[in-house]
Amino acid sequence: MKLVLKNGYVYDPANGVNGEKMDIFIENGKIVEEVSGAKEIDCSGMLVMPGGVEIHSHIAGGKVNTARLMRPEDHLRNVAPRTSVTRSVCGYSTPSTFLTGYAYSKMGYTTAFTAALPPLMARHTHEELHDIPMLDKGALTVMGNNWLIMHYLSEGRIEHACAYAAWLLRATRGYAIKAVNPGGSEAWGWGRDVRSLDDRVPHFDITPREIIRGLMEINERLSLPHSVHLHPNNLGRVGNFTTTLETLELTRDVKPSRERQVLQLTHAQFHSYGGDSWRNFSSEAESIAKAVNSSDRLVLDMGQVVFGDTTTMTADGPMEYYLSSLTGLKWANKDIELETAPGVTPFVYSEKSPVSGVQWAIGLELALLVESPEKVMLTTDHPNGAPFFTYPKIIAWLMSAKSREEVLERLHRAAQKNTVLGSIDREYGWSEICWVTRTAQARSLGLESKGHLGVGADADVAVYRINPESTDPAREYEAVERAFSATALTVKGGEVVVRDGEVVKVVSGKTLYVDAGVGEELEREVLKDVDYYFKRFYTVNLANYPVQEVYLTSPEAVKVDSGVR
Ligand SMILES: [Zn+2]
């Protein structure tokens with residue numbers, strides 16, 4: 001399998017390439033120095049980037065499926081029959097597995113991580129991931145309300161907590177430690193929530209502050225490839241920025257295992273709210289961006305809101321209950337035994353609503369006020385802020401102040417009064433777009449062969465039908481949006497899978513998970529506790545819990561020797 005992508009304008013900022021006319025050589029699924037006798041594809045006048053990397057999107061698992069059952073009306077959108085290549089598809093905020101793969105691939109994405117994997121749902125989640133074509137995949141394992149984690153941390157047994165986390169990652173075939181409303185989702189089991197970092201979790205002698213700090217310490221001791229991926233407490237609450245800032249401060253207490261972030265603040269938009277009631281709801285994006293700018297231990301993803309109808313879903317059950325009580329819309333809730341408590345409810349972001357307008361502005365403010373694009377990742381927390389189909393629109397907003405102004409003018413005046421977006425002139429260039437849609441994600445996840453086009457990288461490439469030399473994105477933002485909606489070519493693992501916005505070949509990608517080794521003796525001790533918890537509390541047998549390789553599409557373990565003994 002040899003291929004040359006000839007003469008495109010290449011953006012590969014991780015390797016210092018910014019719009020140079022170059023050829024990309026591909027052999028056996030990897031980028032190589034040069035090939036002979038390869039098929040050539042002319043990419044003259046087009047934009048070439050590494051394949052997109054999605055770091056936080058709810059694309060598989062229990063919540064997604066609950067949402068599909070709950071919203072049959074959503075299945076009426078994007079309905080398309082099968083073709084000679086693709087299966088029939090439907091859905092918008094809760095797209096079918098097949099549509100998820102095809103749609104990401106059409107936008108030039110080649111890798112996607114599902115944002116929250118409750119361990120008890122791991123088998124099901126991997127079965128769904130297996131069904132999603134076109135992408136390499138991974139899952140973030142939720143641990144922020146896990147009984148054994150809380151038990152070990154509250155007793156100060158950090159080595160045991162490390163060994164359990166390593167076992168849990170392997171058992172769930174997970175890639176990283178995710179925490180969602182630490183302590184709060186467990187409290188929800190008792191009809192409660194936590195509202196500050198120092199509230200006590202019912203029946204556990206521990207606070208959110210101690211859980212977050214503990215998980216970061218586990219992550220660094222295990223030298224995991226990604227950092228802790230945190231959805232902090234008080235998501236979506238007015239005035240929550242103080243909780244967020246306090247949470248970000250905790251990164252100072254942790255010794256990093258290497259030079260990179262120890263925490264990813266996920267869907268930061270939902271955590272950057274000022275004011276003390278919905279009447280004076282305002283943006284605190286400046287405070288959050290300042291904290292990120294002044295620290296080398298933090299990165300964030302946007303959690304951008306786009307106007308329209310969507311479905312919200314999160315392992316933060318109390319938040320979903322609160323949201324449904326504000327809207328009066330249907331909602332669902334699940335209790336995942338000793339692990340978490342997710343919820344689902346539909347939501348409409350309206351241009352007429354003062355709150356939605358401010359939320360829309362906050363996501364963009366964060367991306368524009370954080371100075372380094374290496375610390376920013378474009379997400380909508382699909383489908384919470386909007387379905388991922390809206391990414392091209394967000395790219396256009398980042399590149400054009402004029403396009404933002406046009407939206408701002410239509411919105412409720414609160415969006416101008418209670419945010420600073422209107423005063424920000426910054427416009428992203430093509431390199432910055434490359435950072436925030438692939439390179440920063442790959443770096444944050446520790447995926448060395450993704451997010452760039454250097455020799456040895458995976459041959460995952462996106463070619464967009466737009467000429468960066470002759471296009472002024474600030475003015476021609478509609479052309480930018482069109483170009484990023486459908487690639488001229490998407491190359492996955494060295495094969496052309498999308499041509500002119502149509503899927504021409506279906507591939508299955510692989511599943512990435514982390515296998516972190518700890519001392520055998522320690523692991524045996526921890527497994528005794530795990531066994532006891534299963535016998536006493538779980539409704540399933542321990543033997544029916546871990547995910548076997550047979551559930552996975554071409555599994556690829558990222559092996560880490562943690563040195564924890
Ligand atoms: Zn999420």
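For clarity, every value in this text was computed on a predicted model and none was experimentally measured. Counting starts at 1 for both ligands and their atoms, in listed order.
- Between L411 and G357, the shortest heavy-atom contact is CD1-CA, 4.0 Å.
- Counting only residues at least two apart or in different chains, salt bridge (charged side-chain N to carboxylate O under 4.0 Å, His left out) contacts with residues 288-308 are absent.
- The set of protein atoms (N, O or S) found at less than 2.8 Å from the Zn ion (ligand 1) reads H56 NE2, H58 NE2, D381 OD1, by chain and number.
- Here H58 and H382 keep their ring centres 6.0 angstrom or further from each other.
- Summarising the geometry of A386 relative to V306, their closest heavy-atom pair is CB-CB, 3.5 Å, with the distance given to 0.1 Å.
- At a cut-off of 3.5 Å, with distance as the only test, a side-chain donor of D199 or S196 sits close to an acceptor on the other residue.
- Classification of the H226-H229 ring pair by plane angle, with boundaries at 30° and 60°, yields tilted.
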